[in-house]
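Here the structure is laid out as structure tokens; the discussion comes afterwards.
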Amino acid sequence: MLSGPVLACLALGLALAAGTRTDTVRAARLVTDFGVKVFQQVAQASPDSNMAFSPYGVASVLAMLQTTTAGESRRQIQEAMYFRTEDRGVAPALRRLQKQLLAPWNKDELSAASAIFVQRDLLLSPGFMPHFFKLFQTTVKQVDFSEVERARFIVNDWVQKHTKGMITDLLSTDALDPLTRLVLVNALYFNGQWMMPFPRSATHHRLFHRSDGSSFSVPMMAQTNKFNYTECTTPDGHIYDIVELPYHGGTISMFIAAPYQKEVPLSALTDILDSELVSQWKANMTKVVRLLVLPKFSLETEIDLQQPLEDLGVKDVFSPSRADFRSLSDQEPLYVSQALQKVKIKVDESGTVASSSTAVIISARMAPEEIIMDRPFLFVVRHNPTGTILFMGQVMEP
């Protein structure tokens, strides 16, 4: 017989608990769901690879990119994101969302910043810059991309400062060239200490089971405590465990989810993930005493976003012949030459340190008594008051 929480999680299409959602929460859902869709595309292309990703980071940059485009290019981005930045109330809701994410009552250290680096002699469309700044209140810096190395240093230095040194070389030596006209960048940094730290003395080597059936020994943290925990089942009938690890500020948590049976692929979870499902996890959790065993892990991921975005229908902006950036400039034909994200995350006995930077370059043409994550698992770092997913990923081999 399935437990109550399992039955509750079957209803994936049901709304959240009764009550009026604020515009901020709705904005968080739109931002999160788009970012998760991009993650799903990336994960499907590399189902057996470790991966760290920032849904919030990619959604922030694509919202800015949407504003620079026109015509079919803009329509494709709007269709993929399910919102239009120019609609009344959208931009204020996005700003309120960021304000809540960065509010001092979160206590855990979280910072987010965006910037645009624009070619100093690019003739912008009339009113573009005031409109853009009104929407995003973003740092605007003029650079000379003909001085390629200096321009790369300026962008990388900004990213390094806003990620506390975690992302040191976002743009590689060949990322920019004299045809570069605009770089849109988002930086996100998080440092959270566990509300219930793992005792270092309890960390020991245990076997971790890869998705191909092989096993190897890794350091695993352990503690017995009261955790928020639930079980759910996928539409295909696979039961999986979810445990919440809150950070000391009380507003941000890491959720760990893994199929109960080792032979079930992690894609059974990643393919159905969205903000609604994570909210259902949270709503159906109860405090139970469990022995939690979790591997220490450290991931560094660099992702080319072009193919995942094209798979979601955002195609024209990457085509020199079809991209439409008239909202930005009529001076010359522009297109997106590169879209990328770098993420670093480290999880140990004391907590989590994570950072991401996302850039778009525009150029001219287990048994319930124990929760042992000894198999590939999904992690989600969520701002619970808004439901915004800040970081997520899959650990296939810690």
Side-chain angles (χ1 to χ4, degrees), residues 27-28 30-39 41-42 52-69 73-74 76-86 90-91 94-95 97-98 101-102 111-118 128 132-133 135-141 155-156 158-159 162-163 167 170-171 175-176 180-190 301-318 323 325 327-328 334-343 354-363 388-392:
L30 291 169
V31 164
T32 291
D33 283 344
F34 172 70
V36 171
K37 282 196 302 180
V38 180
F39 169 78
Q41 295 296 324
V42 176
F53 189 77
S54 174
Y56 180 78
V58 73
S60 298
V61 169
L62 263 290
M64 292 193 293
L65 180 66
Q66 182 184 141
T67 307
T68 67
T69 56
S73 295
R74 179 176 288 194
Q76 289 176 358
I77 299 175
Q78 291 171 340
E79 189 171 285
M81 301 191 80
Y82 295 119
F83 69 85
R84 303 189 303 177
T85 53
E86 71 265 25
V90 170
L94 293 174
R95 289 197 298 270
L97 170 60
Q98 178 157 316
L101 295 177
L102 306 182
S111 62
S114 298
I116 62 172
F117 299 84
V118 60
F128 170 78
F132 189 91
F133 185 76
L135 289 177
F136 299 107
Q137 297 179 352
T138 299
T139 299
V140 179
K141 295 181 178 291
V155 175
N156 284 345
W158 184 91
V159 171
H162 286 84
T163 59
I167 310 292
L170 175 67
L171 302 183
L176 305 179
T180 303
R181 296 295 178 264
L182 188 77
V183 179
L184 304 172
V185 187
N186 172 267
L188 188 63
Y189 176 82
F190 172 68
T301 305
E302 181 174 352
I303 298 168
D304 184 340
L305 295 171
Q306 179 171 343
Q307 191 61 54
L309 291 172
E310 288 184 339
D311 289 343
L312 292 174
V314 182
K315 299 179 178 180
D316 283 11
V317 292
F318 294 103
F325 282 90
S327 294
L328 173 66
L334 303 172
Y335 75 105
V336 175
S337 57
Q338 192 172 354
L340 71 152
Q341 184 179 90
K342 285 190 176 182
V343 181
S355 191
S356 76
S357 187
T358 310
V360 167
I361 300 171
I362 299 174
S363 300
T388 303
I389 295 181
L390 303 170
F391 298 92
M392 65 184 301

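For reference, positions follow the sequence shown, starting with 1. Scope of the values below: all heavy atoms of this structure, side chains included, with no hydrogens, waters or symmetry mates. Owing to the predicted nature of the structure, the values given are computational and were not obtained by experimental measurement.
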To the nearest 0.5 Å, what is the distance between [atom1] ([X]) and [atom2] ([Y])?
X    : Y    : atom1 : atom2 : answer
Q41  : L309 : CD    : CG    : 9.0 Å
L101 : F190 : CG    : CZ    : 11.5 Å
D311 : K37  : CG    : NZ    : 12.0 Å
I303 : S54  : CD1   : OG    : 9.5 Å
S363 : Q338 : OG    : CD    : 8.5 Å
M64  : T69  : CE    : OG1   : 12.5 Å

Residue pair [X] / [Y]: nearest heavy atoms and the distance that separates them:
X    : Y   : answer
V36  : P55 : N-CB, 4.0 Å
M81  : A63 : CE-N, 3.8 Å
D316 : Q76 : N-OE1, 2.9 Å
T388 : T32 : CA-OG1, 3.3 Å
M392 : F39 : CE-CD2, 3.4 Å
V58  : F34 : O-CE2, 4.3 Å

* **Candidate pair T68 and S327, rule side chain to side chain contact (heavy atoms under 4.5 Å, CB included), full reasoning** => CA-CA 5 Å; T68 67; S327 294; 5.7 Å; no

Side-chain contact, heavy-atom cut-off 4.5 Å: [X] with [Y]?
X    : Y    : result
E302 : L340 : yes
Q307 : F318 : no
Q66  : R74  : yes
F391 : V343 : yes
I362 : L65  : yes
F136 : T85  : yes
F132 : L328 : no
L170 : V185 : yes

* Asked: Given V317 and V360, is the side chain to side chain contact (heavy atoms under 4.5 Å, CB included) satisfied, shown in steps?
  -> CA-CA 11 Å; V317 292; V360 167; over 6 Å; no

* Taking atom types as modelled and ignoring hydrogens, do the side chains of S357 and T163 form a donor-acceptor contact shorter than 3.5 angstrom? ->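 No - no donor-acceptor pair under 3.5 Å links their side chains.
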
* Given side chain to side chain contact (heavy atoms under 4.5 Å, CB included), test F53 with T301 step by step and report yes or no. => CA-CA 8 Å; F53 189 77; T301 305; over 6 Å; no

* Asked: Is there a side chain to side chain contact (heavy atoms under 4.5 Å, CB included) between F325 and R181 once you walk through the steps?
  -> CA-CA 11 Å; F325 282 90; R181 296 295 178 264; over 6 Å; no

* Within the distance-only criterion (no hydrogens, no angle test), does the side chain of Q341 pair as donor or acceptor with the backbone N or O of G57 below 3.5 angstrom? ->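 No; judged by distance alone, with no hydrogens or angles, the pair does not exist.
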
* Asked: Do side-chain atoms of N186 reach the backbone of T358 as a donor and acceptor pair under 3.5 angstrom?
  ->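 Such a contact is absent between N186 side chain and T358 backbone.
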
* Which class fits the ring pair W158 and F117: parallel under 30°, tilted 30 to 60°, perpendicular over 60°? ->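 Correct class here is perpendicular.
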
